[in-house]
Amino acid sequence: MTFAVVKDILAGKHAVGDTIVLRGWVRTRRDSKAGFSFINLHDGSCFDAVQAVVPNSLSNYQNEVLKLTTSCSVSITATVTESQGKGQEFELLASELEVLGWVEDPETYPMAPKRHTMEYLREYAHLRPRTNVTGAVTRVRHTLAQAIHRFFHEENFFWVSTPIITTSDAEGAGELFHVSTLDMTNIPRNEDGSVDYKQDFFGKEAFLTVSGQLNAEAYACALSKVYTFGPTFRAENSNTSRHLAEFWMVEPEVAFADLDGVAKLAEDMLKYVFKAVLAERPDDMAFFAERIDKEAITRLEHVINNDFVHMDYTDAIDILLKSGKEFKYPVAWGVDLQSEHERYLAEEHVGAPVILKNYPRDIKAFYMRQNEDGKTVAAMDVLAPGIGEIIGGSAREERLDLLDKRIDEMGLPKEEYGWYRDLRRYGTVPHAGFGLGFERLVSYVTGMSNIRDVIPFPRAPHSADF
RNA sequence: UCCCCAGUAGCUCAGUUGGUUAGAGCGGUGGACUGUUAAUCCAUGUGUCGUUGGUUCAACUCCAACCUGGGGAGCCA
C-alpha cells in the first residue's frame, strides 16, 4: 500500500498504472451520466487538487459517493492514469473510496465552494486553512521562513533563541504585555500602594518581549553573526492592516558591521527569499497574481533585478519639500516621516523598496550609533510600497561614554541596562543589525492587503479567539 | 485611541424618501444533461433587516448609545 500526496501525483512521481492510496478532502464533485463522478481532492501538499474518477461500480457509489460535498474527508485507493480530459496530465481511477468524515448540513457549512470575503474567512480561522487563499498563504509563509533560515545559515549566521519573557522594557518604546502569576483579584501591594512584584513569579515585574535585539547583541559580541526568529508582542492599541499584537520578527545582529553592511545584508536577504518563493511556490504565486494582486510576481522580479535605492534622511526631506505635493503633515528636517511621506518616497518617487538612512537622533532609540555630524544616528528603514516600514535597523552605539550619555538624556534607568553596558565595557566592537517584520514580508510577497490574513490565528486588540 | 463608512437569507449585496405580501446572484437541495473540471440548463427563498433604548398610531426604514467589521491616521515591525 503506497500512500501518495497530491503534489507527487500531479508531478508524475507515481508511474501510470501504479496503485496508491490518497487521503484528503473533497473540493468539488461533478457527476457524469456516463457512469462515474469526478471528485477533486486536495490535501494541502500543493495548490492544485487532483481529479479522481470514481466509477458507479463501487458498492457505496449510490449511498455515499453521490452524497459527497465540499470538505468531506475521504481515503481512496486508486490507479494513477493519464487524464482523458483537459486541465491535468494525471488523474486517479478509484477502485475504493472510504468516507472518513461527512460534512453535516452542507448549506450552513461556512466554507461553501464559492468566493468569500477575507473578513468573513477571518471569523472562521479554524476552517479557512481549507481555502485556496489561506492554503497558498500558509505554504508561501513556510517557504519564506525556510528561506530566511537557509540564507542566514549559508551566510554563517547562528540562530539564537532570545527570551520571550523579559524583565526589561528593551527599547523604552511600545506598550508591553504583563506576565504574572499574581492573583488579579487580590494583588499584593507595597505600603505606597504600588504592586509588590517581589511576590510575583519572577520576583520582579515581567513582560512579553518587544524585541530580541538587546539579547542578540550579547551573542553577536561573541559569535559575530547571529539572528533571532521568533514571536514578538506589542500591547499597543493599533487597529490597522499592518499591525498585530503578536507577530514574528527576524533580527540579525552582526559584529564588526556598520550601517551600510547591514543595509546590504537586508537587500541580499530580501532578494534571496524572493527568489526562493518564485522558484519553490510558482503555483501559489500564480494564484496570488491572478486573484489577489496582479503585481505579485512582477513586483518580486523587479526587486530581484534591481539595486535598492539608498537615500539619506536629509535628502529624502529635500525630495519631499521639492515634490510639490500637499502633505497633511508638514515636512521639515527633524520631523519623523509620516505614512504619507513614506508612501510618496516608496510608491511614487522610487516605485520600489527604498532604504532611508541616517535619521535625526532625537527621533530614534537610545542604542543607535551617533554619526560624526552630532545630529544624526546610523539608522535605516526599508520602506516597501504598499506596506511601509518592513525593516528597521541601525548601527549600535558601541562607545560606552556616548551610550551612557544617551541613556541619561532620554531619562532611562541606567541600572536596568547593566548587562547591556557590560558589552561595551568588555571588548566592545562596532556592530549593527535590523528587525524584519515577518508578517509584513508575507504581506508584501503575497499581495495580501491585511496582515491578519497572513498569520494563522491573528491576535489584535479585542481579537484573540481560537 | 481618533476620523470616515458599513452591519438585510448560509455567503455577497439590492431595497423600503416610516405603513401592514422583504428581493437577486452565489451556495445548498431535487431534476435534466455532460470526460467533467468556478460546468451548463430547470425547479426550489419563513430572514429576531447588529444590540439596547428613544421618537411615533406605526420603525427594518428616523434619532442616540453601544457592539462588530472595513478604510484612513497615530504607534511601530
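The figures here come from the full heavy-atom set of this structure, side chains too, leaving out hydrogens, waters and symmetry mates. Residue numbering restarts at 1 for every chain, and letters A, B, ... go by the order of the sequence lines.
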Sugar-phosphate only, base, or nothing, as touched by A:Phe438 at under 4.0 Å among non-hydrogen atoms: nothing
A:Met118 CE - B:G71 C1' separation (whole Å): 16 Å
A:Thr232 vs B:A77: side-chain N/O to OP1/OP2 distance below 4.0 Å: no
Lys NZ or Arg CZ of A:Lys67 over A:Trp102 ring: under 6.0 Å, within 45°: no
Spatial distance of atom CG (A:Leu383) from atom NE2 (A:His349) [nearest 0.5 Å]: 12.5 Å
Candidates B:G74, B:G71, B:G10 - which lies nearest the side chain of A:Thr240: B:G74
Candidate nucleotides B:A73, B:A39, B:G35, ranked by approach to the side chain of A:Arg343 - the nearest: B:A73
Candidate nucleotides B:G25, B:G72, B:G35, ranked by approach to the side chain of A:Ser83 - the nearest: B:G35
Plane angle bin for A:Tyr313 and A:Trp333 - parallel if under 30°, tilted between 30 and 60°, otherwise perpendicular: perpendicular
Separation between the C1' atoms of B:U1 and B:U56, rounded to whole Å: 37 Å
Base-pairing assignment for B:G10 (Watson-Crick or G-U wobble, both under 3.5 Å): B:C26
Nucleotide forming a Watson-Crick or wobble pair with B:C2, both distances under 3.5 Å: B:G72
Side-chain donor/acceptor contact of A:Arg440 with base of B:C76 under 3.5 Å: yes
Selected nucleotide, minimal atom distance to A:Asn237 side chain, candidates B:C76, B:C26, B:U1: B:U1
Donor-acceptor pair under 3.5 Å, A:Gln84 side chain vs B:G35 base: yes
A:Asn450 side chain, from C-beta outward: closest of B:A77, B:G70, B:C11: B:G70
Residue A:Glu91, side-chain atoms from C-beta onward, closest of B:G35, B:C75, B:G71: B:G35
Length of the OH-P vector between A:Tyr120 and B:G27, whole Å: 15 Å
Gap in Å between the two C1' atoms, one belonging to B:U34 and one to B:U40, rounded: 8 Å
Minimum heavy-atom distance between A:Ile455 and A:Trp248, given as atom pair plus value: CD1-CD1, 4.4 Å
Touch class at under 4.0 angstrom, heavy-atom based, for A:Val53 against every strand present: base
B:G53 - base-pair partner by Watson-Crick or wobble geometry, distances under 3.5 Å: B:C63
For atom NZ of A:Lys328 and atom C1' of B:G72, their distance in whole Å: 8 Å
Spacing of the P atoms in B:C62 and B:G15 (rounded, Å): 13 Å
A:Arg242 vs B:C75: side-chain N/O to OP1/OP2 distance below 4.0 Å: no
Among B:C11, B:G27, B:A39, the one nearest A:His116 by side-chain distance: B:C11
Under-3.5 Å donor-acceptor pair between A:Glu107 side chain and B:G27 base: yes
Protein-nucleotide distance (A:Gln88, atom CD; B:A39, atom P), rounded to Å: 13 Å
Nearest to side-chain heavy atoms of A:Thr69, which nucleotide of B:A38, B:U29, B:C76: B:U29
A:Arg299 NZ/CZ over A:Tyr444 ring centroid, <6.0 Å and within 45° of normal: yes
Criterion ring-ring contact (aromatic ring centres under 6.0 Å, His included) on A:Phe229 and A:Phe438, from CA distance to verdict: CA-CA 9 Å; A:Phe229 192 161; A:Phe438 184 59; 5.0 Å; yes
Which nucleotide in B:U29, B:G27, B:G35 has an atom nearest any side-chain atom of A:Pro106: B:U29
Gap between atoms NZ and P, on A:Lys33 and B:C33 respectively (whole Å): 6 Å
OP1 or OP2 of B:A39 under 4.0 Å from side-chain N/O of A:Arg29: no
Distance, rounded to the nearest Å, where A:Gln338 contributes CD and B:G72 contributes P: 16 Å
Ring geometry between A:Trp159 and A:Tyr227 (parallel below 30°, tilted from 30 to 60°, perpendicular above 60°): parallel
For atom CZ of A:Phe233 and atom C1' of B:C75, their distance in whole Å: 19 Å
A:Ser238 vs B:C75: side-chain N/O to OP1/OP2 distance below 4.0 Å: no
Identified pairing partner of B:U48, criterion: Watson-Crick or G-U wobble below 3.5 Å: none
Short side-chain N/O contact to B:G74 OP1/OP2 from A:Ser339, under 4.0 Å: yes
Identity of whatever pairs with B:C41 - Watson-Crick or G-U, under 3.5 angstrom: B:G31
Full working for salt bridge (Lys or Arg N to Asp or Glu O under 4.0 Å) between A:Arg23 and A:Glu98: CA-CA 9 Å; A:Arg23 285 84 55 93; A:Glu98 181 191 353; over 6 Å; no
Pair of N/O donor and acceptor under 3.5 Å linking B:C76 base with A:His243 side chain: yes
Phosphate-side-chain proximity, A:Asn239 and B:G70, N/O vs OP1/OP2 below 4.0 Å: no
Whole angstrom value for the distance that separates P of B:A77 from CG of A:Leu144: 20 Å
